[in-house]
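Residue numbers begin at 1 in each chain, while the letters A, B, ... track the order of the sequences.
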Amino acid sequence: MTARDFSCPVARIRRHGTMKSERYNAREAEPRWQKIWEERGIFRTRNDDPRPKYYVLEMFPYPSGRIHMGHVRNYTIGDVIARYMRAMGNNVLHPMGWDAFGMPAENAAMANKVHPKKWTYENIAAMKAQLKSMGLSLDWSRELATCDPSYYRHQQKLFLDFMQAGLVERKTSRVNWDPVDQTVLANEQVIDGRGWRSGAEVEARELTQWFFRITKYSDELLKAIDGLERWPEKVRLMQKNWIGRSEGLLARFALAPKGAPKNFDEIEIFTTRPDTLFGASFVALAPDHPLAAALALRDPKLAAFIEECRRTGTAQELIDKAEKKGVDTGLRAIHPFDPKWELPVYVANFILMEYGTGAIFGCPAHDQRDLDFARKYKLPITPVVVPADADPKTFKIANEAYDGDGRLANSRFLDGLGIAAAKEEVAKRLEKETRGNRPVAKRQIHYRLRDWGISRQRYWGCPIPVIHCEDCGIVPVPEKDLPVVLPEDVDFDRPGNPLDRHPTWKNVSCPRCGKRALRETDTMDTFVDSSWYFIRFTAPDAKTPTEPKAERYWMPVDQYIGGVEHAILHLLYSRFFTRAMKATGHIDIDEPFKGMFTQGMVVHETYRKADGTYVELAAVKFEAEGSERRASLASSGEKLEIGPIEKMSKSKRNTVDPDDILSTFGADTARWFMLSDSPPDRDVIWTEDGVQGAYRFVQRLWRLTNELAEFAAPANAARPSTFSADAEDIRKAAHGALAHVSEDIQRLRFNRSVAHIYELANALTASLNGLRATGGKISTDLACAVREAADILIRIAAPMLPHLAEQCWEALGHKTLVADEPWPVLEPGLLVEEMITLPVQVNGKKRADVSIARNASDQEVEAAVLALEAIQRTLDGRVPKRVIVVAQRIVNVVV
RNA sequence: GCCGACGUGGCGGAAUGGUAGACGCAUCGGACUUAAAAUCCGUUGGGAGGGAAACUUCCCGUGCAGGUUCGACUCCUGCCGUCGGCACCA
């Protein structure tokens, strides 16, 4: 039995750290190179550089106080691209800033009595130091924080310009209201329908709020997705579905007069399935529908139901998952094609006022929600679309609605038509029919996308720069009075908005009439802050929100990188904002992000005690018995269960602090690990073994470089006219790796770049072993090949291991910085082999290989294949029907 | 519930419709060492067989069930499982 202790990497490193003096000491080297980069200002970017521009940006962090592994991954990816693009001869913009407004600062203020501003700026300072220790090639001179008046004053100006351009609107919307704390709650603050702090049951409340009219651009935002070629397909799809364009019919259903309240003689419904009109069995209204409200005045049961629906909260998921319920209003709607056909009118909890008209006709046979509802209230279920392979007479709906293709049935004049034709026929007929001088129906395009509510009843956000005057109404704050600065003397003793209860801040005189007036106390959604920071980076000190020359030079962002969790909202809002800024003359582009990349999460094992509580990694002791790993509590020896691998989070106690990794192993090890193994768009599992492996490679590359340096020709040696076969092999390995790594970085497949660097290191190690056998005396051409390979190796590793690469570059005798070096030039001729080996299949199964000249004709290949002994044996006398030769790939003999 | 993605050895993963398992981790064996660590060299999908050995032959295998194709991890249909988003977390 071998028991091994994994628990203390620090101790292990200290132990062997004293053994050999030639170890690479990251702790000493990394700050030294960082200082040199900074002193020489090599990552400072100028707006007037003649080289081609390249703008690479990672989503800026919320200053929580400490970076987490997700940041390490995000910024490593961006940094590799930035350094590679710089080596490729581009003027690279790679800035960093802080998404510094938001709820956590206010929560901290309430919990610890720290002012949000102090808390935020202290966090920024701490995180900045951590980011600096990662060795990122950032231009810190462009740093910005969204909570700084020098940033948000321009955001206020943009708001005012948007207002002028008709892109801002005030209307009501529902919020989660905590009746005890007297405050608006975010969805994440509502737990099981109750306020997180007070525990009170949450109510829906209508509030008048500020909105950006993103829906003005629904169609434009949708269409332009097709032009976003360098975006992940899944993100484009998600955005398309989020905008949710649907073509449908707006139809007026007359109400039977009995019981209908005054001013209500019809219900307007929106449907995307007019073809199923003869399958209708009820009409349903949203609980917020005006007719529902009117009926509730005299129907206590209905009023109670509407009240109940309000307690579901505002989150879509909860509304969808709630059991389908409704109340029969007693009203009857008349079928548009049959005056004698009456449909019951319900108010139902699954109908949304925000979508369409807030009213639908229910067709249970072909919509699952309608089916669930119909079963519950025993409403008729008539299939009207029948799949091609079913008999219309016997086709029945069981537990699942049928939403597939088919022919119309049970639908009078529509019978036999396809779905599209039936839709068309219904629309045509109802459009022609009129009631009260208006057509009974009209075609309409609907979008799922709703306007963007930006009002927040909170302190730590950008103040909305308007004034409410009794006489003049809503008056924009004059530009000369910008910024509207947040007052600093606020208290967080009570929940609710400190701005609203501030004694003086909101009292102002109306800019128009001079009368006493009130300042708006809502602040902006933090998504507004992050919707244009990437443009501000192009001219962070400009007196206006943007500087046209800088914006035109740098935008759009060539490569944007961030978590997939932002795939919809942040990116869509930014796309809208870009259009709105163009409409108001601030910029000249439509799309902000030419290339988009969404990285996966960082996940880690979890450890639990028998009682189910989580234990943090530092407290766990591991033992390996054969291939089995066991975990126990280091302090008591209590057995622990090694649980599933989950996203790093405080609650699961499975976080790894980047600071520990950086100070123990160094930034290069952390970066290398982040890039190894997992493709960047998938989750990466943080493992202690993996980090050890990355650390070993850092040391190995350092040793290898020093050994190569012993054999390598001087840095300035003349290139020989010919190379021996051995020398050529070394060069082939180097240029092969160069070709792969270049392509893989461009395609953001860093795990493959890493693999190819390993391969080159392995090949050079093997070559070194051969060279050593010669007793250290090698020919000039070999020495030159070693020099060439070593220089390539270090330069292609440099974007990923920037500190180590500098150290190695120096060890190879260079006086320059590798960060300033151009990318190596590929010799494509070295990648072409004269003889190639093709796999040979018989009926798709590999049976042999054939070696043949690269330029052999198909006939020659076929002849060579059929002559192979192994193929003859497999054929066993059978005559091939076909021989498929895929040039330079494979041969398949079909019998 | 709706939308989107993912599923390959013991593990992370590789593979323009063309040799499944590159590369790494872990494992096992060897060298070095008094010993260990580190390092270096080698080994490893599962099963069955042949050979003294270097080696070699066959079968199975990419979540499950089908389909298209000369050929499928890859494309199509249906299912199962895991993860992300759902408009006030950022």
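Side chains of A/His604 and A/Glu688 form a contact here, defined as non-hydrogen atoms less than 4.5 Å apart. Between A/Ile757 and A/Val741, some side-chain heavy-atom pair lies under the 4.5 Å cut-off. At a threshold of 4.5 Å between non-hydrogen side-chain atoms, the residues A/Glu106 and A/Met103 do not count as touching.
In B/G9 the base sits syn relative to the sugar, since the glycosidic angle is no further than 90° from 0.
Across all strands, A/Gln209 comes closer than 4.0 Å to base atoms (heavy-atom distances). Using a 4.0 Å heavy-atom distance criterion, A/Asn769 is classed as a sugar-phosphate-only contact. As judged by a 4.0 angstrom heavy-atom cut-off over every strand, A/Pro61 is placed among residues making no nucleic acid contact. As judged by a 4.0 angstrom heavy-atom cut-off over every strand, A/Asn241 is placed among residues touching the sugar-phosphate backbone only. Residue A/Ser455 is classed as a base contact, given a heavy-atom separation below 4.0 Å to a base. In this structure, A/Ile884 reaches the bases: a heavy-atom distance under 4.0 Å links it to at least one base atom across the strands shown. Within the nucleic acid shown, A/Arg458 comes within 4.0 Å of at least one base atom, counting heavy atoms only. When heavy atoms are screened at a 4.0 angstrom cut-off, A/Val175 is found touching base atoms of the nucleic acid. Contact annotation for A/Trp452: no contact, since no heavy-atom pair falls under 4.0 Å across all strands. Residue A/Leu449 is classed as a base contact, given a heavy-atom separation below 4.0 Å to a base. Within the 4.0 angstrom heavy-atom criterion, base atoms lie near A/His566. Heavy atoms of A/Val840 sit nowhere under 4.0 angstrom from any nucleic acid atom. Using a 4.0 Å heavy-atom cutoff across all strands shown, A/Ala322 reaches no nucleic acid atom at all. Within the 4.0 angstrom heavy-atom criterion, only backbone atoms of the sugar-phosphate kind lie near A/Glu759; the bases stay farther away.
Applying the 4.0 Å criterion to OP1 and OP2 of B/G24, one finds that A/Asn762 has a side-chain N or O inside that range. Between A/Lys845 and B/U57, a side-chain N or O to OP1/OP2 separation shorter than 4.0 Å is absent. At the phosphate of B/A22, neither OP1 nor OP2 sits under 4.0 Å from any side-chain N or O atom of A/Arg749. Distances shorter than 4.0 Å separate none of the side-chain N or O atoms of A/Arg448 from OP1 or OP2 on B/C3. In terms of phosphate contacts, A/Ser676 brings no side-chain nitrogen or oxygen within less than 4.0 Å of OP1 or OP2 of B/G24. For B/C88, the OP1/OP2 oxygens have no side-chain nitrogen or oxygen of A/Arg450 closer than 4.0 Å. Between B/A14 and A/Asn751, a contact under 4.0 Å exists linking OP1 or OP2 to a side-chain N or O. Of the side-chain N and O atoms in A/Arg752, none sit less than 4.0 angstrom from OP1 or OP2 of B/A14.
If you run ring pair (Phe, Tyr, Trp, His ring centres under 6.0 Å) between A/Phe673 and each of A/Phe665, A/Phe697, A/Trp686, A/Phe750, only A/Trp686 comes through. The one candidate from A/Val894, A/Asn892, A/Leu875 that meets the side-chain contact (heavy atoms from CB on, under 4.5 Å) condition with A/Pro880 is A/Leu875.
Proximity note for A/Lys234 (side chain, C-beta onward) versus B/U19, B/G1, B/A5: the nearest is B/A5. Taking the side chain of A/Lys846 as heavy atoms from C-beta on, and the options B/C6, B/C86, B/A20, the nearest nucleotide is B/A20.
Under 3.5 Å, the side chain of A/Asp677 and the base of B/G13 form no donor-acceptor pair of N or O atoms. In terms of polar N and O atoms assigned as donor or acceptor, the side chain of A/Arg847 never comes within less than 3.5 Å of the base of B/U19 in a complementary pairing. Evaluation of atom-type donor-acceptor distances gives a pair under 3.5 Å for the side chain of A/Gln457 against the base of B/C88. Between the side chain of A/Asp689 and the base of B/C25, no donor-acceptor pair of N or O atoms lies under 3.5 Å.
The pair A/Glu743-A/Arg747 meets the salt-bridge criterion, since a charged nitrogen lies less than 4.0 angstrom from a carboxylate oxygen.
In RNA chain B, the stems built from three or more successive Watson-Crick or G-U pairs (distances below 3.5 Å) are B:1-7 with B:80-86, B:10-12 with B:23-25, B:28-31 with B:39-42, B:45-50 with B:55-60, B:63-67 with B:75-79.
We find the CZ-CD distance between A/Arg197 and A/Gln189 to be 7.0 Å, quoted to the nearest 0.5 Å.
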